[in-house]
Protein chains: 2
Amino acid sequence: MSDVFKALADPTRRQVLERLKSGPKSAGELAADFPVSKPTMSAHFAVLREAGLVTTERQGKSLIYHLNVSVLEEALLGFAGLFGLGSDTPKGDTQ
Amino acid sequence: MSDVFKALADPTRRQVLERLKSGPKSAGELAADFPVSKPTMSAHFAVLREAGLVTTERQGKSLIYHLNVSVLEEALLGFAGLFGLGSDTPKGDTQ
DNA sequence: TAGACAATTAGCTATTCATCTAACTATTGT
DNA sequence: ACAATAGTTAGATGAATAGCTAATTGTCTA
């Protein structure tokens with residue numbers, strides 16, 4: 001879970017997740033939206049993958065990235081819940 | 001807002017926020033709960049303060065730290081809302 | 001089997017970060 | 001004014017991070 005927050009600490013990675021919200025995209029498609037090199041993007045993808053925030057699927061020459069919303073939800077709402085935030089979650093300990 | 005996620009990336013800082021959930025505490029009280037030196041804790045406090053997650057108030061020799069829940073809420077639920085998570089927030093753009 | 005294309009890994013650099021000890025600032029009490 | 005207490009600032013260090021170019025791996029197609 002610390003991995004998730006570490007992953008979310010970088011603005012580029014948060015934006016990648018947002019792009020993925022509208023559906024799976026290839027590494028190349030994603031990389032095209034950002035002003036950094038492909039290897040740099042590849043490193044960001046690796047961080048997201050290791051945190052469980054995205055999964056990959058090969059499609060021909062391309063690697064397709066899928067958003068894993070449940071991991072995001074568990075981290076964000078889980079932590080928010082510790083503070084009585086986020087609808088109704090009643091103080092469950094989600095470390 | 002990136003400052004908030006950066007602040008949340010460190011486990012010690014997340015735990016400080018959790019300790020603060022039950023009410024304001026002095027720097028010394030907080031520091032006593034963690035296995036790091038006081039200057040290190042002081043640096044963590046500074047990060048939390050700059051992110052707006054805590055506020056301080058002097059009380060005699062002590063500095064009292066207060067949790068600022070609204071900043072935490074805005075970041076956590078705001079970002080979660082972008083993904084349709086967290087109760088009802090309907091995809092508002094909160095960058 | 002080449003060649004082209006997609007993406008990652010290798011190797012490097014500069015910056016940021018968490019940590020420490022030592023020194024300083026601020027407040028209280030005698 | 002002095003000593004004690006609470007906390008921060010200064011300065012240093014090792015590890016992690018984000019970035020780059022060049023080289024490698026994997027997949028398709030002519």
Side-chain angles (χ1 to χ4, degrees), chain A residues 1-20 23-68 71 75 79 95, chain B residues 1-20 22-68 75 79 95:
Chain A
M1 138 141 176
S2 208
D3 288 337
V4 174
F5 279 106
K6 280 256 189 86
L8 294 178
D10 186 274
T12 296
R13 288 193 292 262
R14 286 198 305 277
Q15 282 167 32
V16 166
L17 295 178
E18 288 186 52
R19 300 286 182 286
L20 249 25
K25 290 185 179 32
S26 73
E29 273 180 292
L30 289 166
D33 292 348
F34 298 89
V36 296
S37 70
K38 273 202 224 194
T40 295
M41 287 306 290
S42 200
H44 282 309
F45 297 151
V47 171
L48 291 170
R49 210 183 315 116
E50 273 144 41
L53 285 163
V54 299
T55 56
T56 52
E57 169 210 0
R58 176 129 237 156
Q59 210 165 90
K61 286 183 272 193
S62 300
L63 265 182
I64 308 295
Y65 281 86
H66 298 252
L67 176 62
N68 189 346
V71 168
F79 189 68
Q95 160 144 230
Chain B
M1 139 142 173
S2 208
D3 288 337
V4 174
F5 279 107
K6 280 258 190 84
L8 294 178
D10 186 275
T12 297
R13 288 192 292 262
R14 287 198 305 276
Q15 281 167 34
V16 166
L17 295 178
E18 288 187 52
R19 300 285 181 287
L20 248 26
S22 58
K25 291 187 179 31
S26 73
E29 274 179 292
L30 288 166
D33 292 348
F34 298 89
V36 296
S37 70
K38 274 202 224 192
T40 295
M41 288 306 291
S42 200
H44 282 309
F45 295 151
V47 172
L48 292 170
R49 211 182 315 116
E50 274 145 41
L53 286 163
V54 300
T55 56
T56 50
E57 170 209 0
R58 175 130 238 154
Q59 209 166 90
K61 284 182 275 192
S62 299
L63 264 183
I64 308 296
Y65 281 87
H66 298 252
L67 176 62
N68 189 345
F79 189 68
Q95 159 137 239

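Convention: sequence-line order gives letters A, B, ...; per-chain numbering from 1.
- Using a 4.0 Å heavy-atom cutoff across all strands shown, A:Ser62 reaches sugar-phosphate atoms only and no base atom.
- Between the side chain of B:Thr55 and the backbone N or O of B:Gly52, no donor-acceptor pair lies under 3.5 Å.
- Comparing A:Thr40 and A:Lys6 along DNA chain D, the residue whose closest nucleotide (by nearest heavy atom) sits nearer the 5' end is A:Lys6.
- In this structure, A:Leu48 places its CG atom 15 Å from C1' of C:dT8, rounding to the nearest Å.
- In this entry the distance linking CE of A:Met41 with C1' of C:dA6 reads 14 Å, nearest Å.
- Residues meeting the side chain to side chain contact (heavy atoms under 4.5 Å, CB included) test with B:Ala43, sequence neighbours left out: none.
- A:Thr12 comes within 4.0 angstrom of no nucleic acid atom, judged by non-hydrogen atoms across all strands.
- The span of DNA chain D lying next to chain B, judged by atoms under 4.0 Å from heavy atoms, is bounded 5' to 3' by D:dT5 to D:dT9.
- For the pair A:Leu8 and A:Leu53, the tightest heavy-atom approach, listed with the atom from each and the gap, is CD2-CD1, 4.3 Å.
- What you find for B:Arg14 and A:Ser2 is that their closest heavy atoms are NH2-OG, 3.1 Å.
- Contact annotation: B:His44 reaches the phosphate of C:dT19 (side-chain N/O to OP1 or OP2, under 4.0 Å).
- Side chain of A:Arg58 to backbone of A:Gly60: a donor-acceptor contact under 3.5 angstrom is found.
- An OP1 or OP2 oxygen of C:dA7 is reached within less than 4.0 angstrom by no side-chain nitrogen or oxygen of A:Ser42.
- Summarising the geometry, the separation between CZ on B:Phe45 and P on C:dA18 is reported as 14 Å, rounded to the nearest angstrom.
- Sequence order on DNA chain D of the closest nucleotides to A:Gln59 and A:Asp10 puts A:Asp10 first from the 5' end.
- A:Lys38 places its NZ atom 11 Å from the P atom of C:dC5, with the value rounded to the nearest Å.
- Rounded to whole angstrom, the span from the NZ atom of A:Lys25 across to the P atom of C:dA7 amounts to 14 Å.
- C:dC20 atom P lies 13 Å from atom CZ of B:Phe34, rounded to whole Å.
- Note: B:Phe5 and B:Phe79 have perpendicular aromatic rings, judged against thresholds of 30 and 60 degrees for the angle between ring planes.
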- Could you walk me through whether B:Phe45 and B:Val54 pass side chain to side chain contact (heavy atoms under 4.5 Å, CB included), step by step? CA-CA 8 Å; B:Phe45 295 151; B:Val54 300; 5.9 Å; no
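- Here C:dT27 presents its P atom at 14 Å from CD of B:Glu57, a figure rounded to the nearest Å.
- Between B:Pro35 and A:Ala46, the residue anchored closer to the 5' end of DNA chain C is A:Ala46, taking for each the nucleotide with the nearest heavy atom.
- Taking atom NZ of residue A:Lys61 and atom P of nucleotide C:dA6, one finds them 6 Å apart after rounding to whole Å.
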